[in-house]
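This chain uses plain numbering: 1 for the first residue, then up along the sequence.
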Amino acid sequence: MAEAADFPGMTPSPARRWLRRTGALLAGAPLLAGLLQLPAAPAQAVGQTSAKDASDAGTVAVTVDSLSPAAPSDGDTLTVSGTVTNNGKQAVTDAHVGLRVGSALTTRSAIDSAAERADALSGNDGSEVGGKYVTEFAKLTPGVSEHFSISVPVDKLDLDEDGVYPLGVSLEGETSAQPWEQVLGVQRTFLPWQPEEAETPTRTTVLWPLVSTVHMSAETGSNAQQTPVFLNDDLAKELSPGGRLEQLLSLGKELDVTWVIDPDLLASVDAMTGSYRVRGDGDTTTAGTHQAVAKQWLDDLQDAVLGREVVALPFADPDLASLAHNGTGVAGSLSQLKAATDVAATTVETVLHVTPNTDFAWPVDGAVDPSIVKVATSAGADKVIARSDSLAENGDLTYTPSAARPIGGGTTAVVADARLSTAFTGDLTKASTATLTVQEFLAQSLALNLQTGKQRSVVVAPQRMPTASQARSLAEAVTQLQGGTWSQSQQLAVAAKAKPDPGATTKVPSSSAYPSSLRKQELPRSAFEQIAHTQDKLDNFKVILAREARVVTPFGRAMNREMSTSWRGRSTAAGSFRQGVQAYLDTLTGQVKLIDKSETKLSGRSATIPVTVQNNLVQGVDHLVLRLTSKNPTRLEISDEAYAEQRVTVSGGHTSTVKFTTSAKVNGQTTVVAQLYTEDGQKYGEEVAFDVRVTEITATVMLVIGGGVLLLVLAGFRMYTQRKRAAAREAQETDETEEDGEDGAAGEDGADEAGEPADGPENAGDRENRPEKESGGRAGAADPEQPSDETPDTAVESADPSGTGERVDR
């Protein structure tokens with residue numbers, strides 16, 4: 001171009017044009033490179049314009065593992081410790097970690113926004129404290145973590161008026177691709193600053209829940225102690241050192257909190273202090289071995305709650321929302337809630353020896369609607385613990401109001417602050433996450449206090465079953481809060497009586513506003529129907545028992561457990577538990593039954609039918625009625641009515657046989673049904689049906705039998721007559737002998753004085769049977785009998801002289 005201007009009318013040659021262009025390119029290359037790089041360095045420095053910044057992801061991860069003191073005061077030294085990890089592919093050189101303090105956050109929502117961007121590179125973090133208050137690293141190797149710790153006097157942080165200050169912990173360094181100092185990673189947290197006591201400190205109530213899942217089954221041993229059976233040994237793990245419940249207890253006893261306790265947990269731990277068994281595979285159980293752990297935990301809890309406020313939930317912590325939405329249409333469901341409420345105070349007093357407050361109902365997550373409030377107060381509670389994300393403000397107030405709200409019908413809603421209550425719901429196993437959570441909790445609490453100069457009462461209601469790490473973080477936050485300058489501890493009962501803010505909402509949200517995520521976890525209507533069915537069976541069973549408390553108490557508490565809030569999200573386990581309770585009750589009721597009978601044969605028009613009742617329970621049964629019914633009364637009649645009944649009492653482990661008198665009218669087979677009933681007319685157990693075959697006795701058979709009987713009678717009479725005649729003959733012979741002695745002896749030839757034989761004609765037959773010689777001489781005693789002689793009717797005569805008065809026949 002220059003050449004063309006210098007020499008008008010001429011054009012440069014191709015060679016020259018090439019040389020000029022090449023020279024211009026070489027001369028402009030450094031300038032172009034500088035222009036391209038100039039925007040890059042400032043952009044990285046302030047973290048605003050690069051594509052990398054758009055994703056707000058730094059190449060170096062910064063974690064804050066500890067910050068002490070959490071709420072510093074004048075003269076304190078703030079120490080921040082943590083790690084930095086190079087997650088990039090290039091080494092970071094000339095790096096250092098420093099602290100940045102931003103402008104005070106004036107609203108609670110500003111704190112929420114800052115927490116959401118805790119590790120974003122972009123943000124107004126203020127200038128770095130710098131100087132000697134940094135930790136330097138010559139090189140950060142990719143994938144390697146390095147520890148840092150910075151201690152800085154609070155007066156170096158330029159903290160002015162009271163408030164919540166964002167505290168940024170950032171790492172600056174260089175890479176080979178970007179060889180200039182830039183922010184490569186940041187972690188933000190909050191620094192509450194209230195060095196002096198607040199004029200109107202917030203009165204804060206912190207609920208400390210001792211709630212667990214269901215651990216005990218309905219099954220108990222048959223011994224006098226009724227050894228309980230546990231579903232598993234998980235409770236022992238929670239009670240052991242380091243376990244969730246052990247951590248809650250050891251942490252809570254150092255805090256000024258309101259203990260919120262499920263009486264079922266106390267009953268379960270108390271049962272573990274004695275003999276207990278743990279269910280294994282199938283129907284097997286093993287002996288429990290953690291009595292010492294359970295006893296130690298209860299002893300420690302008794303000491304911890306002494307002189308403290310204790311709120312008792314209904315037994316087993318019933319799911320009030322599930323009951324309100326799905327259970328009120330099932331008869332008896334509200335009665336279960338009433339029973340759970342009635343036993344709550346007794347259980348706590350028995351185990352802990354303190355009198356609890358039972359005026360509070362606590363729906364899950366503090367979510368309420370009109371039906372939940374109605375159910376929650378139906379068992380006697382007049383205060384409902386809600387949450388501000390459910391009973392939300394309508395925007396008329398510029399500050400967070402006190403917790404107490406009158407919602408009509410004499411009921412007070414105690415509205416817990418949602419931000420403070422949900423702060424410790426995440427995974428807090430890492431020290432960095434726990435530290436950030438504690439700082440955010442304290443920041444929200446201080447920001448709440450700075451909203452207005454009015455005195456207010458605030459409630460913190462955390463999740464029902466915090467993990468051990470969540471409990472530790474919550475305890476740390478409460479410890480800092482109670483040692484701080486802007487909060488005072490207060491009991492829940494006092495908070496419920498605090499004067500409500502006039503502008504606070506008192507309108508309970510409609511049922512349609514109830515969170516769908518919570519509704520999906522509720523117990524279905526079928527669960528309450530199954531509970532009602534189990535209750536009906538129990539009512540029918542208990543009336544026959546000699547000691548009904550042995551059955552009513554464990555099953556009553558088991559049905560309370562079937563409604564527990566702890567089943568949310570565990571529908572399969574909940575169904576299995578309900579089925580197990582019902583199956584065990586069926587097993588017990590089946591121990592009292594009728595013994596099956598085979599076909600019975602009756603010969604005759606009148607007979608008895610025995611029916612046996614068996615009781616395999618360890619206790620006796622009474623108030624049972626056995627009913628026997630003939631299906632064909634015209635053939636077999638049992639009584640004048642359609643059936644016959646007899647009361648039955650059977651001792652434990654025994655059987656009892658009941659006999660019924662029947663009357664047969666015709667021959668044939670008839671079905672008879674035996675059924676047990678309770679005294680109020682309810683069927684008990686299965687009926688037993690059996691056939692009765694009647695065989696009628698015919699007239700011919702009766703004649704044959706009658707003839708046989710008559711023959712027997714006649715034979716007996718004939719024998720009697722013959723014996724009588726023989727006795728008469730013997731008596732007559734004796735008389736005749738005596739007469740012969742009186743008239744004189746006969747001659748040797750056997751003739752009397754008249755020449756007639758000594759025996760008259762009437763004794764001729766007798767003479768034939770006497771042993772006499774044919775010659776007519778006297779038969780001597782020594783004369784042998786002839787073989788042809790018949791056996792004499794009398795004994796052989798003696799040859800000895802006759803005694804005095806003795807007569808001898810001749």
Side-chain angles (χ1 to χ4, degrees), residues 67-76 78 104-112 154 159-165 190-208 252 254-259 307-309 385 387-388 393 397-405 412 414-424 437-462 473-504:
L67 190 153
S68 178
S73 186
D74 287 331
D76 287 340
L78 179 69
L105 303 174
T106 58
T107 64
R108 300 186 72 184
S109 58
I111 297 175
D112 294 336
V154 172
L159 303 176
D160 297 326
E161 60 184 13
D162 299 343
V164 176
Y165 292 83
F190 304 99
L191 197 63
W193 177 247
Q194 175 80 43
E196 303 294 334
E197 292 287 339
E199 294 183 2
T200 54
T202 303
R203 295 173 179 171
T204 307
T205 301
V206 178
L207 306 187
W208 200 256
E254 304 297 332
L255 304 173
D256 189 2
V257 294
T258 295
W259 296 84
R308 304 292 185 89
E309 183 182 33
I385 301 173
R387 208 167 68 186
S388 60
E393 296 303 314
L397 290 178
T398 59
Y399 60 87
T400 302
S402 288
R405 320 280 176 82
T412 299
V414 182
V415 183
D417 186 80
R419 288 185 174 98
L420 299 178
S421 299
T422 60
F424 301 92
T437 302
V438 170
Q439 294 305 123
E440 184 178 355
F441 176 90
L442 296 175
Q444 287 287 354
S445 176
L446 177 56
L448 185 153
N449 178 259
L450 295 174
Q451 288 175 337
T452 178
K454 296 183 64 174
Q455 182 71 65
R456 287 164 295 160
S457 296
V458 175
V459 173
V460 179
S473 298
L474 176 58
E476 173 63 23
V478 174
T479 299
Q480 296 294 335
L481 187 65
Q482 293 178 351
T485 57
W486 66 87
S487 178
Q488 292 179 347
S489 300
Q490 182 174 254
Q491 292 185 344
L492 180 62
V494 177
K497 295 178 181 178
K499 183 179 179 180
D501 288 82

Once the angle between the rings of Trp259 and Trp208 is folded into 0 to 90°, is it parallel (under 30°), tilted (30 to 60°) or perpendicular (over 60°)? perpendicular
How long is the span from the CD atom in Gln488 to the CG atom in Leu481, to the nearest 0.5 Å? 11.0 Å
Excluding sequence neighbours, so at least two apart, what forms ring-ring contact (aromatic ring centres under 6.0 Å, His included) with Phe190? none
Measure the spacing between CD of Gln439 and CG of Leu191 and express it to the nearest 0.5 Å. 7.0 Å
Starting at OG1 of Thr202, measure out to CG of Leu446 and round the result to the nearest 0.5 Å. 8.5 Å
Is there a donor-acceptor contact under 3.5 Å linking the side chains of Gln480 and Glu476? yes
Between Asp417 and Arg108, is there a salt bridge with N-O shorter than 4.0 Å? yes
Presence of salt bridge, Arg419 and Asp112, under 4.0 angstrom: yes
Using the test salt bridge (charged side-chain N to carboxylate O under 4.0 Å, His left out), find all partners of Asp76 that sit at least two apart in sequence or belong to another chain. none
If I take atom CD from residue Gln444 and atom CG from residue Leu420, how far apart are they, to the nearest 0.5 angstrom? 6.5 Å
Counting only N and O atoms by type, is there a donor-acceptor contact under 3.5 Å from the side chain of Tyr165 to the main-chain atoms of Asp160? yes
Flag, side chain of Asp501 to backbone of Ala504, donor-acceptor distance under 3.5 Å: no
Would you say the side-chain atoms of Thr258 pair up with the backbone N or O of Glu309, donor to acceptor, closer than 3.5 Å? no
Do the side chain of Asn449 and the main chain of Thr485 share a donor and acceptor less than 3.5 angstrom apart? no
Would you say the side-chain atoms of Thr204 pair up with the backbone N or O of Val458, donor to acceptor, closer than 3.5 Å? no
Out of curiosity, Trp486 CH2 to Leu442 CG, how far, rounded to the nearest 0.5 Å? 5.0 Å
Glu197 side chain vs Glu199 backbone, donor-acceptor pair below 3.5 Å: no
Determine whether a donor-acceptor pair (N or O, by modelled atom type, separation under 3.5 Å) exists between the side chain of Thr412 and the backbone of Ala404. no
